[in-house]
S.K.: 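Can you read through this structure? Questions will come right after.
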Amino acid sequence: GLLMVAFLVSHMLLTKEGVTSLPICPKGSVNCQLSLEELFDRAVKLSHYIHFLSSEMFNEFDERYAQGRGFIAKAVNSCHTASLTTPEDKEQAQQIHHEDLLNLILGVLRSWNDPLIHLVSEVQRIKEAPETILWKAVEIEEQNKRLLEGMEKIVGRIHSGEVENDIYTPWEGLPSLQLADEDSRLFAFYNLLHCLRRDSHKIDNYLKVLKCRLIHDNNC
Amino acid sequence: DVLQWPQISKCRSPEMETFSCFWTAGNFYNLTVPRILQLLYKKSNEEDWKECPDYITSGQNSCYFNASYTSVWTPYCVQLASKNEVYDKKCFSVDEIVLPDPPVHLNWTLLNTSQTGIHGDIQVRWDPPPTADVRKGWITLEYELQYKEVNETKWKELKPRLSTMAPLYSLKTARDYEIRIRSRQRTSEKFGEFSEILYVSFSQIGIGCDHCTEEVEFPWFLVVVFGVCGLAVTVISIMLSKQPRLKMLIFPPVPVPKIKGIDPDLLKKGKLDEVNSILACHDNYKTQLYSDDLWVEFIELDIEDPDEKNRASDTDKLLGEDHLKSQSCLGGKDDDSGRASCCEPDIPETDFSASDTCDATSDSDQFKKATEKEEDLLCLDRQDNDESLPSLVNTDPLHRHRNIQPENSHLWAPFGDSTESPRPSVHIQISNQNSLTSTDFYAQVSDITPAGRVVLSPGQKSKLGRAQRESCTEQNFTMDNTYFCEADVKKCIAVTSHEENEPRIQEQGYNEDGYFTTESLTTTVANLGTSTAAPPSSEMPVADYTSIHIVQSPQGLVLNATALPVPDKEFNVSCGYVSTDQLNKIMP
C-alpha cells in the first residue's frame with residue numbers, strides 16, 4: 001500500500017513537471033515510430049523541466065551562498081556558450097532556418113554535457129551543500145542527456161542529410177570550481193548556475209518556437 | 001521628510017521583446033527640471049555607457065527600449081545618473097524581468113444549474129495579453145483566476161493553468177460574483193497585473209431565484225452527535241462482545257509483571273506451594289511471600305538428603321549466637337528464609353552432635369565450652385550432660401537410644417569427622433539438647449510433599465531417653481528463663497511415654513524425612529517434652545513448635561503458649577509451648 005502511494009505521488013509529481021514518458025510504441029514493436037509532433041512534445045516537456053530545475057537551483061544557491069557577497073553586481077559575465085551565435089530576439093529566432101536552429105540547440109546541449117557532469121561532482125564538495133541542490137544537479141545532468149538524445153532523433157527526422165556535430169564549445173571552467181578560496185569558488189558556481197539557467201531558458205524557448213512553427217504552423 | 005535618493009524602481013519586459021525601466025526622482029534637490037537625470041545603459045559586451053533611447057513612451061521617469069535595443073539573453077546594466085554622480089545601478093537580463101500584461105476579453109457562460117436551482121456552474125474565458133506573442137511560441141504564459149462574492153473581502157484562487165478558459169462550479173445563483181485574472185511567464189515566479197474585473201450575475205440571465213435564499217449548511221452538529229453515539233455504541237459492543245480476538249485487537253491487554261519461569265496461572269490457582277518450589281532455587285526467594293505459615297520461614301527445608309538436615313539449630317540463630325554464622329548454610333543466610341535443598345549440602349555441622357551424643361564426655365567438654373549465655377539459654381545450669389545419661393531412670397529407652405545413637409552416628413560419622421572442629425556451638429547445642437535443656441521453638445519439618453507443602457513431623461522422640469534424667473518432682477519450672485525447659489517437663493513424662501516413642505525412634509532414625517539435626521534432636525526433645533507435658537495418651541500429638549511470643553534477646557524467648565486457646569487438656573500451659581498439632585487445631 002505504501003509503495004503504491006509513493007508510486008502515485010511520484011507519478012503525479014513527474015506529470016506535473018512534464019516528464020512522464022508515455023509509451024506510444026508498445027514494447028517489442030520494431031518499426032514503430034513516434035510522430036514528429038510527439039517527439040517535439042516530449043522535447044518541449046524536457047526542456048521546460050530542465051529550465052525549471054536550473055531556475056530553482058540557482059535561486060536556492062543564490063539564497064544560501066550569494067547573499068551579501070555582491071555576486072549580482074559581478075554577474076554580468078559571459079558564459080562559455082556565448083561563442084555560439086544564437087538568436088537574441090524574436091525576430092532573429094523567426095528568421096533563422098529551423099535546421100540551423102536545431103543544430104544550434106544540439107550544440108548548446110552538447111556543450112553542457114561536460115560542465116553538468118563536473119557540476120554534479122563539484123557541488124557535493126561545497127560545504128554543507130543542501131540535499132536539494134545536489135539532487136537537482138544530478139537530475140539536470142540526466143535529463144540533459146535525454147534531451148540530447150531526443151533532439152538528435154528529431155534532427156535525424158527533419159534533416160535527411162548529415163547531422164553536423166561540430167557545433168560545440170568546450171568548457172574550461174573546471175579549475176575555477178576547484179579553487180581553494182571559498183569566495184572565488186562560490187562565485188564560479190554562481191556564474192555557472194546563472195549560465196545554466198540562461199541557456200536552459202534559451203533552449204526551452206527555441207524548441208517552443210520550433211514546435212509552433214513546424215507542427216502548428218505558427219498558430220499555437 | 002526622509003531624504004530619498006533617485007533610484008531605479010523597476011525594469012520590466014511585458015513580452016520579452018522590449019523592456020522599460022522606471023525610476024523615482026527622490027526629494028534630494030530640485031529635480032523637477034527635466035533631463036537632469038539620465039539613464040545610461042550598457043550591454044555586457046560593450047564598453048561605453050549609452051543613454052536611454054526613449055524617455056517618453058513609457059511615461060515620466062521611464063526609459064523604453066524597443067525591440068531593436070533588446071537582446072533577450074544578454075546581460076544589461078543601467079544606471080541612473082546626473083552629470084556628476086551616479087545614483088543607482090541595476091544589472092539584469094531581459095528574460096529575468098518578464099512581467100506579462102493582464103489578459104483581456106474576459107467573459108463567462110453558464111454551463112448548468114443544479115436541480116434545485118440554488119447552484120450553478122459557469123465557464124470563464126479570456127484572451128491572452130495582446131502584446132505577448134503566444135501564437136508563435138515566443139512566450140508561454142500561465143494564468144491564475146481569482147473570484148469572490150461581491151460582498152466578500154477575500155479572493156479565492158484557482159490553480160494556474162495554461163489554457164485560456166476555466167470552469168467555476170457550484171456558484172450560488174442568488175449571489176453575484178467578481179472574477180479577475182492575471183498571467184505570468186511559465187517559468188517565472190512573479191505575476192503580472194490583474195485584468196479588469198468580470199462581474200457574474202445570474203439574475204441577468206434570468207436564473208437567479210428569490211426563494212432560494214435559504215442556505216443549507218452542512219449539519220455539523222448532527223454529524224458530531226451521531227458520530228459520537230456511533231462510536232460509543234461500537235466501543236461498548238466491542239467491550240461486551242465475547243470475541244476475544246476483536247477485543248484484544250481494540251483493547252490490547254495491559255502487560256502484567258512477569259517473573260521468568262513462573263506461570264502466572266500457578267499463582268492464580270493458588271498453588272503457592274508449587275510456585276515456592278519453583279522459586280526455591282532463586283537466591284532472592286523468600287517464602288514469606290507465598291507462605292501461609294510464617295513459621296515455615298524459620299525452617300530449613302531439606303528435601304533431598306536427609307543427611308543435610310544436620311544443621312545448626314535455628315534456635316541458636318534466633319538467640320543471636322554469632323558464631324553460628326560461620327556455618328556455611330545457615331550462617332550465611334541472614335534472612336532466615338526457608339531455603340530448601342538449594343543450600344549446598346554442606347557438611348552438616350550438626351552431625352557431630354549426633355555423633356557426639358554418643359560420647360558423653362565430649363558433650364560435657366563441649367558443654368563447658370559453651371558461653372554463659374548459652375548455658376543460661378539452654379538451661380545448662382540446671383542440667384548436666386554427664387549426669388543426664390547415667391541418671392536416666394529407665395535405661396531402656398536410653399539404651400535403645402544409645403543403640404540407635406551409634407547407628408546414627410555411623411550414619412553421620414563421615415560427616416562428623418569433617419565437621420568436628422568448627423562447630424563447638426552446635427555441640428553445645430547438642431549437649432544442651434542432651435541435657436534436655438534446649439528446646440526448639442519451631443516444628444520439625446518432616447517432609448516436603450511434591451506439591452511443595454510442608455509436612456511437620458510430630459517430632460522425634462529418639463532423644464527422649466536423654467531427657468530423662470530427673471524425676472518430675474525435681475523439676476523446677478522456673479520461669480526465669482524465658483522459655484520452659486521442655487526437658488524439665490519431659491522428664492516427668494519421659495519415662496511414661498518413651499515407650500511409645502521407642503518405635504518412633506527407629507523410624508525417626510531412618511525414615512525421617514525431616515532432618516536429623518540438632519534441631520531435630522531438640523524437637524524430638526521438644527516433642528517429647530510436649531507430649532510428656534500433656535497427659536500421656538496414645539494419641540499424643542507431638543508438639544513440634546511453639547509460637548514465640550516475645551523474643552527477649554539474649555535471654556530467650558517467651559513462648560506464647562498461654563495465649564492460645566486450648567482445645568483439649570493435652571495442652572499444658574505451664575510448659576509454655578504448644579505442639580504443632582495442637583497449634584494446628586487451634587489455628588486452622
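All chains are named by letter (A, B, ...) in the order of the sequence lines, taking the proteins before the strands, and each is independently numbered beginning at 1. Note that these values count all heavy atoms, side chains included, but never hydrogens, waters or copies made by symmetry.
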S.K.: Specify whether B/Phe92 and B/Phe19 have parallel, tilted or perpendicular ring planes, treating 30° as the upper limit for parallel and 60° as the lower limit for perpendicular.
M.R.: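 Ring orientation of B/Phe92 relative to B/Phe19: perpendicular.
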S.K.: Could you go through the side-chain hydrogen bond (donor to acceptor under 3.5 Å, both in side chains) check for B/Tyr143 and B/Thr164 one step at a time?
M.R.: CA-CA 7 Å; B/Tyr143 308 94; B/Thr164 55; over 6 Å; no
S.K.: Can you say whether A/Gln92 sits under 4.5 Å from chain B via the side chain, the backbone, both, or neither, judging by heavy atoms?
M.R.: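 Answer is neither: A/Gln92 stays 4.5 Å or more from chain B.
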S.K.: Where on A/Asp217 is there a heavy atom nearer than 4.5 Å to chain B: the side chain, the backbone, both, or neither?
M.R.: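 When you check distances to chain B, no heavy atom of A/Asp217 falls under 4.5 Å.
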S.K.: Can you tell me which portion of B/Thr70 sits under 4.5 Å from chain A's heavy atoms? Options are side chain, backbone, both or neither.
M.R.: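 It is the backbone, since no side chain atom gets that close.
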S.K.: Any salt bridge between B/Glu193 and B/Arg182, counting N to O under 4.0 Å?
M.R.: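 B/Arg182 and B/Glu193: not salt-bridged.
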S.K.: Could you tell me whether the side chains of B/Asn107 and B/Arg125 share a donor-acceptor contact shorter than 3.5 Å?
M.R.: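 Per modelled atom types, B/Asn107 and B/Arg125 side chains form no pair under 3.5 Å.
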S.K.: Looking at B/Ser71, B/Ser93, B/Ala67, which makes the most heavy-atom pairs under 4.5 Å with chain A?
M.R.: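 Going by pairs under 4.5 Å, I would pick B/Ser71.
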S.K.: Using a strict SG to SG cutoff of under 2.5 Å, would you count B/Cys52 and B/Cys21 as disulfide-linked?
M.R.: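 Disulfide absent: SG-SG distance not under 2.5 Å.
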S.K.: Please look at B/Thr140 and chain A and tell me whether the side chain, the backbone, both or neither of the residue comes under 4.5 angstrom of a heavy atom of that chain.
M.R.: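 Interface part for B/Thr140: side chain.
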S.K.: Below 4.5 Å, heavy-atom pairs only: which of B/Glu96, B/Lys90, B/Glu15 has the largest tally toward chain A?
M.R.: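 Ranked by heavy-atom pairs under 4.5 Å with chain A, first place is B/Glu96.
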